[in-house]
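One structure is given below, encoded as structure tokens.
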Number of protein chains: 2
Amino acid sequence: MATIRELARHCGVSVATVSRVFNTPEVVSRATRQRVEAAAAEIGYLPNESARTLATKKSNMIGLVWDTDHRRSGWRHPFLQEILVALKTALSAHGLHLLLLATGADAPDRHLAAVRRHNLDGVVLIDNGSRDPAVLALADAGIPCVALDLPLTGPCCTYVTSDNAGGARQAVAHLLHRGHRRIATISGPSRPGPGADRLAGFRAELAAHGVPLPPDYVVEGDYYLDSGRAATHRLLRLDTPPTAVFAAGDEMAVGALQAATDAGLRVPGDLAIVGFDDIELAALLPPGLTTIAQDRAGFGTAAAEALISMIQSSPDTAPPPPITLPTRLVPRGTA
Amino acid sequence: MATIRELARHCGVSVATVSRVFNTPEVVSRATRQRVEAAAAEIGYLPNESARTLATKKSNMIGLVWDTDHRRSGWRHPFLQEILVALKTALSAHGLHLLLLATGADAPDRHLAAVRRHNLDGVVLIDNGSRDPAVLALADAGIPCVALDLPLTGPCCTYVTSDNAGGARQAVAHLLHRGHRRIATISGPSRPGPGADRLAGFRAELAAHGVPLPPDYVVEGDYYLDSGRAATHRLLRLDTPPTAVFAAGDEMAVGALQAATDAGLRVPGDLAIVGFDDIELAALLPPGLTTIAQDRAGFGTAAAEALISMIQSSPDTAPPPPITLPTRLVPRGTA
DNA sequence: CTGAAAGCGCTTACAG
DNA sequence: CTGAAAGCGCTTACAG
């Protein structure tokens, strides 16, 4: 591995000059710049990132805090892969790498410690609990960070999420348009975040149209299929069962579909179903799940942009406001 | 950020001693070790990884070369998330982080360059083409690396893949056991790798039982649903159509299922179908896709183990032999 | 536009 | 068991 010193000697300039052609090329004369560049290519010089980071305190690395340690194994983000691809692509365009942080002891300062040890330029959080002390410590520390699908704010922290309330309203509006008036929902967990927002949107659209919502038309699920099936069974046993159900996640919607089939009901004739997420399954499962699609790639690119703007702005400027991605109704066979 | 010098002064020892309590604690006296540890906790000292890497040439980071730049967007690995989780977990246990490398210009030395610039301890490759010069350069360079689902070897390079041939044989054996004798296959791309191995296993099991395989019973797909559907349409139009089909991927199997339905055939009565992968869909799509499951987590843990053993062994020792993960037949409704 | 020099925060022989 | 010192490969004021 050639070092900057060797390269400098190789073309008869100082190491400072070599450093400049790599960092502030506009400040060195055309002649020497070209000479250095040619020599660099010739001997295969590559700057050592550790040395740069040590000298500059900037690593050009973004930490990815991904909480894979769920009590419930087999947990899957509906579209993690797309987020990762978009994030990586957008970050790459700015020369930033993504460091997937090892999960160690669960000390409340573990994320912060990783940031400091590695001189990370910023952090993106995904799949984290909203009450995780380690996450909160990060958000409070003034490290540029952006959370995905988690309403987290701080001096230098913002988040991106879909327009969950708006998406739920689209779902309800579609059902209303189809003539339904007895519309139930299988919600996500009630903690702040997408689940709560979808439920709020659900209620709001119904209210806006003066359609009553009996309390037992709202049953909470956990985004998994089984909870959707169980919830639907419960709804169908009501004295006045709903004619339509909005599930706050596609897996739960598939569960609802199964429950309807179990009960000998036709979908959408006897029970209409709308989901949320537009997972791969939605298009393939007969008769096709009507659902609310999210802007998958948007999560990654928006997060990257927010992060980069925070990194580049002075420490005292306010973080960008939370970013809300538009959703889209995808009408298929179930509603 | 406290530095090692401050910590040293804080407890009246040299920086060398402090360094030792963090790196070779067994070599320092119990008394001073405890004094240093207490002081470190007190002032919140965290070693700077860049400085360590600069001094040791080891970064404790593994590069993840993930080729997300597919000509075909929307491409998805059947279980990338599980691989990533298992990989991260296994690597974490050894204090290794995963660096998702930014995709830049496609110079044939780009991966190698990243390894050198960051002093990466090793690399894992996923979703890469087998003929990518940048990948081959990496495998040849003697950098510890392990490829997933890609038969890549080198002085310090091995790979992990499922027992694809064995899995295909399980599929055929199952079909044979069900009484089928006219068994076709929709294969994956014919380049070396899982697709070719599955096809070889398919042929082998048939041959072992003396069951003939007409040439037009083998049609090549690309793992996507549409290719499975198209292939099946073609098979069904044959003078002597098959009674069963083994699709080398679940998406193609789903396509086969759709084609059968299109043609008014009953599954498995008129056409039996076995897939490969056991994607989420397989269990959910009526009547349930019979398929060959892979050891998803095994990919990650095996890769981590192989990598760690290579990193720890001396540079001249041979790499571990390729690792083959067992598969498992999951009988469901389609065969 | 360029160079000499100090400094970034560690590790590791080498002595003792 | 511990310390003084050199070195890892860069960057960046400061002069000129």
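Here the structure is a predicted model, which is why all the values come from computation and not from measurement. Here is how names work: the chains are called A, B, and so on, in the same order as the sequence lines, proteins then strands, and each is numbered from 1.
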query: Contact class for S29(A) vs. all strands (heavy atom < 4.0 Å): base, sugar-phosphate, or nothing?
result: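 Sugar-phosphate contact only - S29(A) comes under 4.0 Å of backbone atoms but never of a base.
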
Under a 3.5 Å threshold, yes or no: a donor from one side chain and an acceptor from the other, between [X] and [Y]?
X: R52(B); Y: N23(B); answer: yes
X: S29(B); Y: T32(B); answer: yes
X: T17(A); Y: S14(A); answer: yes

query: Do D132(B) and R110(B) sit within salt-bridge range, that is, some charged N less than 4.0 Å from a carboxylate O?
result: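 Salt bridge present between D132(B) and R110(B).
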
query: Any Lys/Arg nitrogen of R116(A) or D109(A) sitting under 4.0 Å from an Asp/Glu carboxylate oxygen of the other?
result: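 So R116(A) does not pair with D109(A) through a salt bridge.
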
field: Test applied, side-chain contact (heavy atoms from CB on, under 4.5 Å); reference residue, V146(B); option that passes from V160(B), I308(B), I323(B)
entry: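 The option that passes is V160(B).
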
Candidate list L80(A), I126(A), T161(A), test side-chain contact (heavy atoms from CB on, under 4.5 Å), partner L148(A), passing option: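 For L148(A), the side-chain contact (heavy atoms from CB on, under 4.5 Å) test succeeds with only one of L80(A), I126(A), T161(A), which is I126(A).
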
- request: Provide the start and end nucleotides, 5' to 3', of the part of DNA chain D that has atoms under 4.0 Å from heavy atoms of chain A.
  value: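 With heavy atoms of chain A under 4.0 Å away, the range is dG9(D) to dA13(D).
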
query: Of all heavy-atom pairs between A86(B) and T301(B), which one has the smallest distance, and what is that distance?
result: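 Taking every non-hydrogen atom into account, CB-N, 4.1 Å.
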
query: Which comes earlier along DNA chain C counting from the 5' end, the contact point of V15(A) or that of R33(A), where each point is its nearest nucleotide?
result: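 This one resolves to R33(A).
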
- request: Rounded to whole angstrom, note down the P distance from dC10(C) over to dC14(C).
  value: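 My reading of the P atoms in dC10(C) and dC14(C) gives 24 Å.
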
message: In whole Å, measure the gap between the P atoms of dA13(D) and dG9(D) for me.
response: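 One P to the other, the span is 23 Å.
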
field: dA15(D): pairing nucleotide in any strand, Watson-Crick or G-U under 3.5 angstrom
entry: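 The answer is dT2(C), by the H-bond criterion.
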
field: Those residues of residues 41-63 of chain A lying under 4.0 Å from DNA chain C by at least one heavy atom
entry: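 The answer is L54(A), A55(A), K57(A).
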
